[in-house]
Amino acid sequence: GENVEQHPSTLSVQEGDSAVIKCTYSDSASNYFPWYKQELGKRPQLIIDIRSNVGEKKDQRIAVTLNKTAKHFSLHITETQPEDSAVYFCAANFGNEKLTFGTGTRLTIIP
Amino acid sequence: GAVVSQHPSWVICKSGTSVKIECRSLDFQATTMFWYRQFPKQSLMLMATSNEGSKATYEQGVEKDKFLINHASLTLSTLTVTSAHPEDSSFYICSARDRQLAGASYEQYFGPGTRLTVT
């Protein structure tokens, strides 16, 4: 099946600085790569996603880049704020519609 | 739009009993519903995929006789944990894909989760 690796597992960033989280996937047929933010005890919240026909996508302070040749994609958060503190998961689809999630990154924004 | 609900939000049951969790798409019809399990400080693990009117497809290592899934309509899927044991204690989350967007979007809409504690 699909394997998705995510790094780092924890990340502390000074408020206002940027945070980068990286993921690699194994299935070359994957073509959908969402990123989720999850707060404790809550549902995963989609923050941005990218399809394989696009190399980069941006939404205000959040951007995702995809390198399909190398099979890796990254989440970039700029001008971080305390409310960005959460666990972030990357995911990749396999078998067309099923998602495999990365292991998660606990992001802490230091005021 | 695209709201998914789960009921109950939390449940405590005794070892050996069964627990049913409901997942509903409130404002759309779901082409496919998914059930995930998430242990503390871990990632979401896909348990099974279900489509209305057909048998669920279980991921490797998930016991289909223990985790019964019924997908009776385009807006409702249920997960029954049978003969629950303490090791089944977890956060169970469902998600659904919008039938109308199925051809254009892979997005899954997640329910708020159900925290199951087996004593």
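Only this structure's heavy atoms are used, side chains among them; waters, hydrogens and symmetry mates stay out. The structure displayed is predicted, hence computed values, not measured ones.
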Practice prompt. Say whether Val64(A) and Val13(A) are linked into one hydrophobic cluster, either directly or through other cluster members, by side-chain heavy-atom distances under 4.5 angstrom.
Written response: yes
Applied to residues 38-119 of chain B, the disulfide (SG to SG under 2.5 Å) test, sequence neighbours excluded, yields Cys23(B)-Cys94(B)
Following the transitive rule for hydrophobic clusters with a side-chain heavy-atom cut-off under 4.5 Å over Ile, Leu, Val, Met, Phe, Trp and Tyr, establish whether Val20(A) and Phe89(A) coincide in one cluster. no
Do Val62(B) and Met33(B) sit in one hydrophobic cluster, given that two such residues count as connected whenever their side-chain heavy atoms are within less than 4.5 Å of each other, even indirectly? no
**OP:** Establish whether Val87(A) and Phe91(B) are linked, either directly or via other cluster members, by ILVMFWY side-chain heavy-atom contacts under 4.5 Å.
**Re:** yes
When the 4.5 angstrom heavy-atom criterion is applied to Phe110(B) and chain A, the contacting part is both
Salt bridge (Lys or Arg N to Asp or Glu O under 4.0 Å) pairs touching residues 69-93 of chain B, sequence neighbours excluded, are Lys66(B)-Asp88(B)
So, the part of Leu46(B) with a heavy atom under 4.5 Å from chain A: the answer is side chain
Disulfide (SG to SG under 2.5 Å) pairs touching residues 59-111 of chain A, sequence neighbours excluded, are Cys23(A)-Cys90(A)
When the 4.5 angstrom heavy-atom criterion is applied to Pro34(A) and chain B, the contacting part is neither
Among Ala91(A), Gly104(A), Gly41(A), the residue with the most heavy-atom pairs under 4.5 Å to chain B is Gly41(A)
Using distance alone, with no hydrogens and no angle check, list the donor-acceptor pairs under 3.5 Å between chain B and chain A.
{"residue": "Val4(B)", "atom": "O", "partner": "Arg43(A)", "partner atom": "NH1", "Å": "3.4"}
{"residue": "Thr32(B)", "atom": "OG1", "partner": "Glu97(A)", "partner atom": "OE1", "Å": "3.2"}
{"residue": "Thr32(B)", "atom": "OG1", "partner": "Glu97(A)", "partner atom": "OE2", "Å": "3.2"}
{"residue": "Gln38(B)", "atom": "OE1", "partner": "Gln38(A)", "partner atom": "NE2", "Å": "2.9"}
{"residue": "Gln38(B)", "atom": "NE2", "partner": "Gln38(A)", "partner atom": "OE1", "Å": "2.8"}
{"residue": "Ser43(B)", "atom": "OG", "partner": "Gly102(A)", "partner atom": "O", "Å": "2.6"}
{"residue": "Glu59(B)", "atom": "OE2", "partner": "Lys98(A)", "partner atom": "NZ", "Å": "2.9"}
{"residue": "Arg97(B)", "atom": "NH1", "partner": "Glu97(A)", "partner atom": "OE1", "Å": "2.6"}
{"residue": "Ala104(B)", "atom": "O", "partner": "Arg51(A)", "partner atom": "NH1", "Å": "3.2"}
{"residue": "Tyr106(B)", "atom": "OH", "partner": "Asn31(A)", "partner atom": "ND2", "Å": "3.3"}
{"residue": "Tyr106(B)", "atom": "OH", "partner": "Asn96(A)", "partner atom": "OD1", "Å": "3.1"}
{"residue": "Gln108(B)", "atom": "NE2", "partner": "Glu97(A)", "partner atom": "O", "Å": "3.1"}
{"residue": "Phe110(B)", "atom": "O", "partner": "Arg43(A)", "partner atom": "NH1", "Å": "2.8"}

Query raised in the report: Should Val118(B) and Phe39(B) be regarded as members of a common hydrophobic cluster, given that ILVMFWY residues are connected when their side-chain heavy atoms come within less than 4.5 Å of each other, either directly or indirectly?
Result: no
When the 4.5 angstrom heavy-atom criterion is applied to Leu99(A) and chain B, the contacting part is both
